[in-house]
Amino acid sequence: MNGQPLLEVENLRIDLAAGDTRFAAVQDVSFTINRGETMGLVGESGCGKSITALALIGLLRHPLMIGGGTIRFDGREIQKLPASEMRGLRGNRIAMIFQEPMTALNPLSPVGRQIAEMFVLHKGASWREAENLAVEALASVRVPAPERRVKDYPHQLSGGMRQRVMIAIALACGPDLLLADEPTTALDVTVQAEILDLIRELSAAKGTAVLMISHDLGLIANMCRRVGVMYAGKLVEERAAEDVFRSPSHPYTGGLVASLPLLGARARHGRQRLREISGVVPPVSAFPKGCRFNPRCHASTDRCRAEDPVVTALPDGGFVRCHYHE
Amino acid sequence: MKFRANLVIGGVLFASVVIAGIFAPWLAHTDPVMDANLMYAEEAPGGEFWFGTDAQGRDIYSRVLHGARISLTVGIVSQLINTVIGVCLGLSAGYWGGWWDDCVNGLTNMMLAIPSLIFALAIMAILNPGLTSLLIALGLTNWSFTCRLARASALSLKSQGYVQAAKVLGYGDIRIMLTQLLPNMLGPIIVIGTLGMGGAVLAEAALSFLGLGIRPPYPSWGSMLSDARDQITTAPWISIFPGLAIFVTVLGLNLLGDGLRDILDPQARTRRA
Amino acid sequence: MLSFIVRRLLQTLPIVLAVAALIFVMFSVIPGTFASSMSDDGRSVLDAEVMARMNKEFGLDDPVYVRFGKYVADLATFDLGTSFRTRQPVAQVIADRLWPTAQLAFASMLFAIVVGVPLGFIAALRPGSWVDTISMIGAVSGLSLPKFWLGLMLMYLFALVLGWLPSFGYGGGDPRYLILPSIALGVAPLALLARTTRAAVLEIMNADFVRTARSKGMSEGKVVRWHLTRNALVIILTTIGLQFGTVIGQAVVIEKLFSWPGLGSLLVDSVTLRDIPVVQGSILVIVLLFLLINMLVDVLCAIIDPRIKYT
């Protein structure tokens, strides 16, 4: 295949309209994903991860809208695509898995039908063919007795099974890019690993690139080669996963890493106590002046409170957005 | 922007009806009951009789103004009775639970099964027509929604920390219900009450129209319409103005209720994109 | 499904019994005897001998509990008693009036559904548009109109001025006689249905599974057809069921206005004439009709929504 990246996001800005004013909920976000690559996006809730994913698949709804920047998928700028062509991409080449599989599936429609829709929409299949393909799709996500399960309604399935159905829907057409928005957060701990394995295995088999979104740095580190850390609508650090762990550059990343309850890792780095980040992500309407992290940063100075830091490239190929990166 | 329009228009409409009712004796041109004069029967609306006259030659404008007093009295008082009944039953049922809750629930289900106008009609059948009977009939038949709402809020509120704290402090049940629970459910109850008032005005008009509410010659809008039916071909204005008065009053209350709902009961607000 | 229906029936039975008891108590305990209540309104003064005879004939001398027992036993065999005025069985009197009322109720609900539901849909799909604004202003006005006045105005305009339609009466079942009363009766449920439909569709439009449907690359038209309609239907059907009660209740006024020979005008006439057995019977039948329709709606909802059967 050509060397062009699958997805290029440049200076993405997402606006939140509130009356006559617009707040930039996401700003200056740039990253690329190559074919078959798995990238992680991490940060606390409310920092703009999910709406970034929704922007990528063109599903932002009022009061949210793209306020600037470009999203290029397979060389084409998706904001400039006509609605019908965008629909052809959606589901077919860019697919999405949502956090809560109970509400993300239609409660009044059998799951088989909800999978079959994909084949009818994008592969020109008849409903009969699509129902058969749905059984196969359900088998591929390792749902037992798929030929019976297709007739079940979402409420008859367990949380894990429902998320498998979501994965079957998302991967039905063999998309190039899968956006997985907190795919395991709503599930039991025991099921989480199975679902992650399934996503990893199936995406690898189909050559699907994955953008994995989570607040759980441990999960991201496990799944992804590269990690982007978001805070208050900005990417504050982006690096290879192992580098982020070994030597986090941004104080926020440092805080996230430090708050991981991985006893072995902490011992290895000789830390004495758990350092958590105090406070919460500010609301979009009240982002602070200067560096957006400064009110919660243990090392903030007057410069941090006055001046918004720019991106600095790091020798290992990543970047960080901090005045005082190490 | 739009929901404020509800509130403003509804408020203005309702306020003008209230003003008309309060100042009816001064605004009216003639006495609404006594000033019948067959000389002026069925005069069309014009200079002297703004809304025309009825078959007995009474000034419809004056009668409509006085009708506001009856409609508002019935609307406000009967809805107050409904609200008090609904809140007392619902609040106590939700708070105490147990057999009392089962009783109230059964009673509410029964009330919901009988269309309220039919129920009011049945009560009017055993009482003598008149204002007091109307207040009883309409005040006893439309409390089920308030009751359900109060019960549901009490159920969800009673497990809240501050209610539990009040209990630990040794507050009595009644005191907790009145000081801790009631203030927190007032918004939606006011909304239901406002909308219910509109319903009560309509029900009063319907019952009076059927001859089971306010009896002629007293100027209730409903009984005026009941008289007017026979003259609809010769004097349509006798029908038009009392009906318009009902419409304006109820529209005002409904708009007011919708507007208040947007402010006081945000959960119930239908999302406006 | 059958067990669901049986369970719903069993839940309804106590309500019917409670309503029957309430009606009985209202009319036999509170105002004294039937015969005395007949003379209470002063229109006819019954002498003592007539009163004694009537009390005996209708069994009104028995103690209250005996009468209640008899009343319930009779109800179980669909015996609603004998009319004071016509001396006909009440069940027969009511049965004769049932069909016109059913016609009127169904015609007005049909009108309300056919106009109200699509209106609410269109309004919700274009929130804030002029269609939305106008239909919602229309809806709140429709809810505020006194039905009998609307009927009177319709009668004046279309029957008396324009002469397009007959003004009142049953017309031996001629459907043209049905038009004006059904419109007058149907406007309020129409308005309410339009509002409920709009609210339901707007809510579902923001549901997660609609976002999923869009993420599949579905056009808005398909989102509506494949995912929205069915979900909105449950809410709309429930509203329709509840509105039937209001329609049957309000039919009293419309039937009286249009001289429609239904249950409602029978009820009003019987109240004015103090024909208590007919009043009791009519109210009971109206409540039964309402409960029956709501059960039907519940069953339909259970068919559409698979979750209902299991909760």
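Per chain, numbering begins at 1; letters A, B, ... match sequence-line order.
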- Query: Where does A/Leu179 contact chain C at under 4.5 Å (heavy atoms): side chain, backbone, both or neither?
  - Reply: neither

- Does A/Asp152 pair with A/Arg162 as a salt bridge, N-O distance under 4.0 Å? no

- Query: Which region of C/Ile304, side chain (C-beta onward) or backbone (N, CA, C, O), has a non-hydrogen atom less than 4.5 Å from a non-hydrogen atom of chain A, or is it both or neither?
  - Reply: both

- Message: Please determine whether a side-chain nitrogen of the Lys or Arg among C/Arg214 and C/Glu220 lies less than 4.0 Å from a carboxylate oxygen of the Asp or Glu.
- Response: yes

- chain A heavy atoms under 4.5 Å from C/Val234: which part of the residue, side chain, backbone, both or neither? side chain

- Item | C/Leu119 CG to C/Leu190 CG distance, which is reported to the nearest 0.5 Å | 7.0 Å

- Message: Taking side chain as everything from C-beta outward and backbone as N, CA, C, O, which of these in A/Leu108 sits under 4.5 Å from a heavy atom of chain C? Side chain, backbone, both or neither.
- Response: both

- Task: Output the distance between atom CD (A/Glu136) and atom CD1 (A/Ile115), rounded to the nearest 0.5 Å.
- Result: 11.5 Å

- Query: Do you know which of A/Met118, A/Glu117, A/Gln114, A/Met86 has the most heavy-atom pairs under 4.5 Å to chain C?
  - Reply: A/Glu117

- So, the part of A/Leu89 with a heavy atom under 4.5 Å from chain C: the answer is neither

- Query: Given a strict heavy-atom distance threshold of 4.5 Å, which part of A/Ala95 is in contact with chain C: side chain, backbone, both, or neither?
  - Reply: neither

- Derivation and outcome, side-chain hydrogen bond (donor to acceptor under 3.5 Å, both in side chains), residues A/Gln163 and A/Thr184: CA-CA 8 Å; A/Gln163 198 59 296; A/Thr184 59; over 6 Å; no

- Answer yes or no: is there an ion pair linking A/Glu129 with A/Lys123, defined by an N-O contact shorter than 4.0 Å? no

- Against chain C, label A/Met102 side chain, backbone, both or neither, depending on which of its atoms sit under 4.5 Å from a heavy atom there. neither

- Pairs of heavy atoms under 4.5 Å with chain C: top-ranked of A/Asn106, A/Leu59, A/Leu54: A/Asn106

- Message: Please rank A/Asn92, A/Ile169, A/Ile94 by heavy-atom pairs under 4.5 Å with chain C and give me the top one.
- Response: A/Ile169

- Item | Lys/Arg-Asp/Glu bridge criterion (N-O < 4.0 Å) met for C/Asp132, C/Arg126 | no

